[in-house]
Amino acid sequence: MTTPVELRDVAAQGAAGAGRAGSGSAHDLHLALLDWFAANARDLPWRDPAAGAWGVLVSEIMLQQTPVARVEPRWRDWMLRWPTPADLAAATPADVLRAWDRLGYPRRALRLREAAGVIAREHAGRVPTAMAALLALPGVGSYTAAAVTAFAHRRRAVVLDTNVRRVLARLIGGQALPPPSLLAAESERALDLLPDGDEDSARWNAALMELGALVCTARAPSCPACPVRSVCAWRRAGAPADSHAGKRRTQAWHGTDRQARGRLLAALRAAPGPLTPAELAAAWEPGPQFDRALAGLLADGLVAAETGPEGGSEGYALPLT
DNA sequence: TAACCGTGGAA
DNA sequence: TTTCCAAGGTT
């Protein structure tokens, strides 16, 4: 467990190389990054206070593993159509899945709709502020709960996404990239660096994320443009290569069940009504993998079997309930 | 813990 | 063309 005093030492050691008169404190590190953020933050719609906590929650779910550029138009449409949790909760899964379009991981869309129902029924239509209540929402994990706490409620929380993990791994840890799985030491380090005040800590979280997204990127960081380059442990160490290289498995895609599921669901999104198995066969060749993918989609509630008047199957469609 | 869950742009 | 990666969560 790193104490705040030890943290200040760490930050001071980094700042000592800054060469600026009066530098050498965590305070300077915070100022440098917060100033940079004030001048360079993107004008994203969910950062507008008018977006509200619901708008922030929607954005956070959509942004899970999905680039900002792809999310923005879908978020705008979504908020116009379902401006409150109750609105979304009243929508059909089919409508929600079509509005989700091709953001990917469509189970997120169903969970967001379920979360909207919980918020509408159990929280009087307001996004909860208690961490336990946030974590109880479908599709909300440690990152999203912290992000909503910080960015919507403007309260102190440790926000650790892929950007923050990478920035801190470099800035403090001297590593090219964070370890494959989140370690307790990373959370402790992030907590130690978090400013005490609610609003300051919220800005700090956003600034770290923005730095990771715009400057301290995974592949080709723009170190000359970095406001904290002079205190970066990774840079001072000579920007060594990723020590975890080789332990990161890249997920296969071509020919996988996931690709099959994606094709089948894309066909059903585009269809006005149920599709027969023969029609679905245009999206993916029939066989064991087709069967497995369809069964998985049914089990996940992403697809429903349509039953005819005689009880026989008429085909498959996006769920209406 | 590790595997699973979509999609598409950039290098 | 292949690989990497993007504001993770669930099981």
Side-chain angles (χ1 to χ4, degrees), chain A residues 41-42 44-47 51 55-75 97 100-112 114-115 134-152 157-167 176-184 190 202 205-214 216-221 242 244-269 283-284 292-293 295-297 299-303:
Chain A
R42 289 169 292 178
L44 302 174
W46 44 85
R47 286 179 175 164
V56 171
L57 175 59
V58 171
S59 78
E60 292 300 340
I61 300 293
M62 287 184 170
L63 286 162
Q64 289 169 3
Q65 300 286 286
T66 309
V68 166
R70 203 176 305 166
V71 165
E72 191 164 346
R74 295 280 67 81
W75 182 89
L97 288 169
W100 194 257
D101 194 39
R102 290 176 297 183
L103 286 180
Y105 293 140
R107 292 188 294 189
R108 288 183 296 165
L110 298 184
R111 291 184 182 131
L112 179 55
E114 293 169 11
L134 285 169
L135 289 170
L137 297 174
V140 175
S142 58
Y143 161 75
T144 302
V148 168
T149 299
F151 305 141
V158 175
V159 177
L160 269 181
D161 77 322
T162 185
N163 287 304
V164 176
R165 292 186 63 215
R166 184 177 57 251
V167 169
L177 293 172
S181 58
L182 179 63
L183 301 181
N205 282 321
L208 280 178
M209 289 180 64
E210 197 77 337
L211 187 72
L214 299 182
C216 196
T217 56
R219 291 189 188 178
D242 176 22
H244 302 92
K247 298 191 65 179
R248 307 178 196 280
R249 15 182 143 294
T250 61
Q251 51 188 350
W253 171 248
H254 189 75
T256 62
D257 287 10
R258 301 166 78 179
Q259 187 185 25
R261 287 167 56 109
R263 289 270 185 83
L264 294 177
L265 202 55
L268 291 170
R269 276 199 309 265
W284 196 265
R292 201 162 56 238
L297 290 169
D300 289 342
L302 290 163
V303 173

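Every chain is numbered from 1, with letters handed out A, B, ... down the list of sequences. Just so you know, these numbers use all the heavy atoms, side chains as well, and skip hydrogens, waters and symmetry mates.
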**Request:** Pick base, sugar-phosphate or nothing for Ile61(A), based on heavy-atom distances below 4.0 Å to the nucleic acid.
**Result:** nothing
**Item:** 5' priority, DNA chain C, between Pro138(A) and Leu44(A) [closest heavy atom]
**Value:** Leu44(A)
**Request:** For the residue pair Leu57(A) and Thr144(A), establish whether any side-chain heavy-atom pair is separated by less than 4.5 Å.
**Result:** yes
**Contacts of type side chain to side chain contact (heavy atoms under 4.5 Å, CB included), residue Arg42(A), not counting sequence neighbours** = Leu44(A), Arg47(A), Val68(A), Glu210(A), Ala213(A), Leu214(A)
**Asked** Which nucleotide of DNA chain B is the first, and which the last, in the 5' to 3' direction, to come under 4.0 Å of a heavy atom belonging to chain A?
**Response** dA3(B) to dA11(B)
**Message:** If you assign Arg258(A) and Arg219(A) each to the DNA chain B nucleotide with the nearest heavy atom, which residue ends up on the more 5' nucleotide?
**Reply:** Arg258(A)
**Prompt:** Does a side-chain heavy-atom distance below 4.5 Å link Thr149(A) with Leu134(A)?
**Reply:** yes
**Min side-chain heavy-atom separation Arg107(A)-Trp100(A) under 4.5 Å** = no
**Asked** If the P atom of dG9(C) is compared with that of dG8(B), how far apart are they to the nearest Å?
**Response** 23 Å
**Asked** Do side-chain atoms of Thr256(A) reach the backbone of His254(A) as a donor and acceptor pair under 3.5 angstrom?
**Response** no
**Arg108(A) and Gln65(A), any side-chain heavy atoms less than 4.5 Å apart** = no
**Asked** How far does the P atom of dA7(C) sit from the matching atom of dC5(B), given to the nearest Å?
**Response** 23 Å
**Asked** Under 3.5 Å, is there a donor-acceptor pair between the side chain of Asp242(A) and the main chain of His244(A)?
**Response** yes
**Message:** I'd like the 5' and 3' limits of the part of DNA chain C contacted by chain A, with heavy-atom contacts below 4.0 Å.
**Reply:** dC4(C) to dT10(C)
